[in-house]
Amino acid sequence: MTRILAGLFLALIISACGKETIAQPDTPMADAEQPDWRIVIHGGAGVILRENLSDEQEAAYRAALEVALDAGAEVLKQGGTSVDAVQAAVLTMENNELFNAGKGAVLTAAHEHELDASIMDGRDRDAGSVAGVKHVKNPILAARAVMDQSEHVMFSGAGADAFAESVGLETVDNSYFTTERREKALERVLDTRERTDADRHGTVGAVAIDRDGNLAAATTTGGMTAKATGRVGDSPLIGAATYAQNGVCAVSATGHGEYFIRVGVAKTICARVELAGDSIDAAAENALGQVADLGGDGGVIVMGGEGQYAYVFNSKGMYRGMMDSTGAIETAIFEAKE
Ligand code: GLY
């Protein structure tokens, strides 16, 4: 059984073309006991300032992060696989309208929801994804079905919804995903053409390592408010937002998708770990530095081959959390150490 090495504790702030890239696993792991399994999640990155979040909102986000961590941890505790764990964790966030994924997803300029999701199993680098689905209730389940029940890696649009329905997944009217908050956000963006980070960076994701040392990653999103019909971001793209390779690393990303696609963020991070011998923090900072160079922002959660982990982002905050078999649990939102 793989024993997981202690995580990295140092908060590093480096300059990347005028933008800060922040790596901050912000609660030390227990030294005495090394965990057998671990899960790390994110619920989106952006300008998330303490003064803009009421105590009630902060408590709601932290509670939702804990629900997601608990769901993934339950799988791992029972000896389940990391791929089942990341799926279970993000499923709770797809069903929670606080996040831009599943119920509560943002609206396109045509007042619809087009949802993207992907999942990857580090054991054999099997992967599945869907882009632009409008009816499958939980896009992450559709991505998993593509991986497990088809010979393909990616389905898009109506074909993806039809595939999901054909394997028995629940489908809903597109309006199921709509909330008042996202209606208002769409109105504001269409009126002013101004996007706030909250409109852009609500993607959710998870990475995990199980008792057998297997890595997995999952990412799911509604994309960006007022996006054009048919626009696809990074979230369903293996190598951009999602990657997992046993013994190397697992990554889930959130941010301005166009930049993450152009850098190939998730694969870049894993390749730097594997080929350049970078630490997971250094690899993530390099990839996000490239994103910043191109003008983009966002963040990643990364888990190394031994279960070490990092949250790295060049935005003002990222909803995030970690739980492991020692009983350690942390949630964090803002950029400063909490
Ligand atoms: N990262 C989500 C998107 O750009 O669609």
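As the structure lists them, so they are numbered: ligands from 1, and atoms in each ligand from 1. The analysis underlying the following values was restricted to heavy atoms, covering all of them including side chains, and did not include hydrogens, waters or symmetry mates.
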Please confirm whether the backbone N or O of Tyr176 pairs with a side-chain atom of Lys103, one donor and one acceptor, at under 3.5 Å? yes

Would you indicate which of Val106, Asp116, Asp234, Thr254 comes nearest to atom 1 (N) of ligand 1 when only heavy atoms are counted? Asp234

Under 3.5 Å, N or O to N or O, is Gly255 touching ligand 1 that way? yes

Under 4.0 Å from a heavy atom of Ser235: which atoms of ligand 1 are those, numbered in the order shown and with their elements? 1 (N), 2 (C)

Taking Glu306's backbone N and O only, do any of them form a donor-acceptor pair with Gln308's side chain (distance below 3.5 Å, no angle check)? yes

Per-atom filter on ligand 1: closer than 4.0 angstrom to a heavy atom of Gly223 are 5 (O)

Side chain of Arg181, backbone of Leu98: donor and acceptor closer than 3.5 Å? yes

Is the side chain of Asp278 donor-acceptor paired with the backbone N or O of Val273 at a distance under 3.5 Å, no angle test? no

Short N or O distance, Gly257 and ligand 1, threshold 3.5 Å exclusive: yes

Are more than 12 heavy atoms, taken from residues, nucleotides or ligands other than Glu180, located less than 6.0 Å from that residue's CD atom? no

When you compare the side chain of Asn96 with that of Thr92, does any pair of heavy atoms fall below 4.5 Å? no

Under the 3.5 angstrom rule, does the side chain of Ser118 hit a backbone N or O of Ser129 as a donor-acceptor pair? no

Mark the output for Glu258 as yes if a heavy-atom distance to ligand 1 is under 4.0 Å, and as no if none is. no

State the atoms of ligand 1, each with its element, that fall below the 4.0 Å cut-off from a heavy-atom position in Thr203. 1 (N), 2 (C)

For Gly233, atoms of ligand 1 separated by under 4.0 Å from a heavy atom: 5 (O)

For ligand 1, indicate whether the residue Arg231 contacts it via side chain, backbone, both or neither (heavy-atom separation under 4.0 Å). side chain

